[in-house]
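Working notes, beginning with the structure itself.
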Amino acid sequence: MALELSQQQVLTAIVLAIVSLVTWRLREGRSKPNLPPLVPYKWPILGSTFDFLKDPTDFTVSAYKKYGPVFRVNLRGHTQAVVGKDQVRDIFLSTAFSYEEAVKEEFDLADMLGTSKTKLEPHKLFAIVMTPYLGRFVPVAMNVLVKALQDNLGTDKKAPVVVDNVFETILDVMSRANAVCFFGEELGTNSELIPLFKQFAGQVGHWLSRKSPVLALFPTIAKTYLWVKFHISSPTAAYRNKVLKHALPIVNERRRQMREYGDSYNAPVDSLQAYINSVPLDQPIDEFELGTFILTLIFFSMHTTSKRTTYSLYNLAKYPQFIPDLLAEQEATLGQDWSAETVTHEQLKGLEKLDSFVRETLRTSNRSIALPHKIVGMDEWHLPGGYVLPKGTVVNINTEDIYYSPELQGPDPRTFNAWRFVGTDKSASRIGPDMVAFGLGRHTCPGRFFAVNEIKLALSLILRQYRISFPAGAQPSDSAPLVFTPIGAA
Ligand code: HEM
């Protein structure tokens, strides 16, 4: 009896031990998921920030080689995950991942721009106020681009012009073209507003890019600082007031004429008019919303298009071997005597080699760790290799794995091949898991068709008039001065 009892006790003890062990293992498994490897770093808080900033591409490629397609990295005080091409669809197309929530960890853009206090939804609205007008924008932008290039590069077509700050020059040219397309001739050429349009995106961008080391390294301080800055003396509010001073009289006059002439009103074809049309004539214009609409268009369009045009110009200087074919295509598609007034949207689409050149530029000019999304809609995300990321993790894309994968981009992905996409269905504005320069999924850039058109227009005009090169003896780079030599003076 004593023995039986003891056996029972032993058995019970064994069963209890097994149950406890299994429960403990299950709990352990839950509380300590199999996290992807973390790139080691020496300093707390700073993490790998400096190593990354020193050479982002090298940092990302080395981490990929060492740890594989999924790893974690400590950047600017946060440990974040980085995944590759095989996870792109999951991240962009599933509602379990949120772009807004990831961005909000660092700043609240909607708050900073003011859209959070309005009913404006930029991604939907911009598609409405831009996409239907793409054809109309071609001649309008062309005329402004011609004038803006002349103002920046001069009318003397005999001597080469050295441009020291290529981005600033192109920013002036593109901002003026964008402004007339969006806001019409009168507002878009206003000499007080043009500098302001150029400054606004730069100013907000300056705060977002946290140029000061304190802001760059301490995200919580940066976020609090930005919140205080934009709530107490918001730079956006000052810009909004200045924009409204010029915009309101024009908007009110257009609405007066709409009331007076009804259907026979010859409405301007621009994004401002599309916005005006969205407000019933018997309701007042919401001034805050109008100002925010204008500033949001400026914020998203000016620097983005100018940067990509600038990179394209550097690529023309680095790879002049592609220029003869680009010019031959121009002549075949636009005719020998083409002028700014005669180019059509259809012809622009026909510039297939130029389009491929632009896509190749987009492919090869990206930040290597980009497009953060936060896991919001599941407790754990299970990844290949048995790795698990818990809810709340910010996941970035390793764009190196997308843009330099032969599987996605074809042979020799490290080579700049301007004709890589000729004869394929991959136009410069076409997004997909192999091209995320404009994002993918719900937040895909609504301005991409407009942007690619503008870049192609500016490049067509420049190619026709100038040869682009680096100054003699200068190291080719994406920040060197460029020489614009008028054709004929070469
Ligand atoms: C070459 C120029 C441009 C580039 C490279 C670019 C790139 C991007 C990228 C990467 C995103 C984020 C997408 C995502 O997270 O999935 C985005 C969003 C956006 N872009 Fe662009 N963009 C360009 C031009 C423009 C222009 C001209 C406009 C309009 C005037 C514009 C308006 C927007 C807006 C409103 C969003 C936010 C969409 C949302 O949050 O739903 N972009 N863009």
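Just so you know, ligand 1 is whichever comes first in the structure, and atom 1 is the first atom listed for that ligand. Hydrogens, waters and symmetry mates play no part in the numbers below; they use all other heavy atoms, side chains included. Predicted model, so just to flag it, every value in this text is computed and none were measured.
A distance-only check finds a donor-acceptor pair linking the side chain of Glu329 to the backbone of Lys353 [under 3.5 Å]. In terms of modelled atom types and a separation under 3.5 Å, the side chain of Ser234 and the main chain of Thr236 share a donor-acceptor contact. Under the 3.5 Å distance criterion, the side-chain polar atoms of Asn152 are matched with a main-chain donor or acceptor of Ala148.
Ring geometry for Phe299 against Phe200 counts as perpendicular: the plane angle is over 60°, on a 0 to 90° scale with 30° as the lower cut.
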Verdict with reasoning, Asp151 to Arg176, per salt bridge (Lys or Arg N to Asp or Glu O under 4.0 Å): CA-CA 11 Å; Asp151 291 348; Arg176 285 162 61 177; 2.6 Å; yes
Trace of the side-chain contact (heavy atoms from CB on, under 4.5 Å) decision for Arg363 with Met435: CA-CA 7 Å; Arg363 182 182 81 85; Met435 172 51 71; 4.1 Å; yes
Audit row: Asp478, Lys318, salt bridge (Lys or Arg N to Asp or Glu O under 4.0 Å) steps and yes/no: CA-CA 10 Å; Asp478 284 349; Lys318 285 186 219 166; 2.8 Å; yes
Verdict with reasoning, Gln273 to Ile276, per side-chain contact (heavy atoms from CB on, under 4.5 Å): CA-CA 5 Å; Gln273 186 62 36; Ile276 296 174; 4.0 Å; yes
Full working for side-chain contact (heavy atoms from CB on, under 4.5 Å) between Asn178 and Phe197: CA-CA 10 Å; Asn178 290 1; Phe197 289 160; over 6 Å; no
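Near Leu440, meaning under 4.0 Å from one of its heavy atoms, ligand 1 places the atoms 16 (O). Listed by number with element, the atoms of ligand 1 under 4.0 Å from a non-hydrogen atom of Gly439 are 10 (C), 13 (C), 14 (C), 16 (O). Atoms of ligand 1 lying under 4.0 Å from any heavy atom of Phe92, numbered from 1 in the order shown and given with element: 16 (O). Listed by atom number, the atoms of ligand 1 under 4.0 Å from His123 heavy atoms are 38 (C), 39 (C), 41 (O). The distance from ligand 1 to the heavy atoms of Leu297 drops below 4.0 Å at these ligand atoms: 30 (C). Set against the non-hydrogen atoms of Pro122, the atoms of ligand 1 under 4.0 Å away are 35 (C).
Residue contacts with ligand 1: Gly441 is excluded, as none of its non-hydrogen atoms falls under 4.0 Å. Residue contacts with ligand 1: Glu454 is excluded, as none of its non-hydrogen atoms falls under 4.0 Å.
Summary of contacts: the protein heavy atom closest to atom 24 (C) of ligand 1 is Thr304 OG1, 3.3 Å. Distance from atom 28 (C) of ligand 1 to its nearest protein heavy atom, with residue and atom name: Gly447 CA, 3.6 Å. Protein heavy atom nearest atom 4 (C) of ligand 1, with residue, atom name and distance: Phe438 CE2, 3.4 Å. Looking only at heavy atoms of the protein, atom 1 (C) of ligand 1 is closest to Arg308 CG, 3.5 Å. In this structure, the protein non-hydrogen atom closest to atom 20 (N) of ligand 1 is Cys445 SG, 3.2 Å. In this structure, atom 35 (C) of ligand 1 lies nearest to the protein heavy atom Phe126 CD2, 3.5 Å. With respect to atom 7 (C) of ligand 1, the closest heavy atom belonging to the protein is Ala437 O, 3.4 Å. The protein non-hydrogen atom at the shortest distance from atom 32 (C) of ligand 1 is Phe300 CB, 3.3 Å.
Look at Arg359 and Asp434 and you find a salt bridge, because one of the NZ, NE, NH1 or NH2 atoms lies within 4.0 Å of a carboxylate O, short of that distance.
The two atoms that bring Val388 and Pro36 nearest to each other are O-CD, 3.8 Å, heavy atoms only.
By the 3.5 Å distance cut-off applied to N or O atoms, His443 is counted among the residues near ligand 1.
In Ala451, the part holding a heavy atom less than 4.0 Å from any atom of ligand 1 is the side chain.
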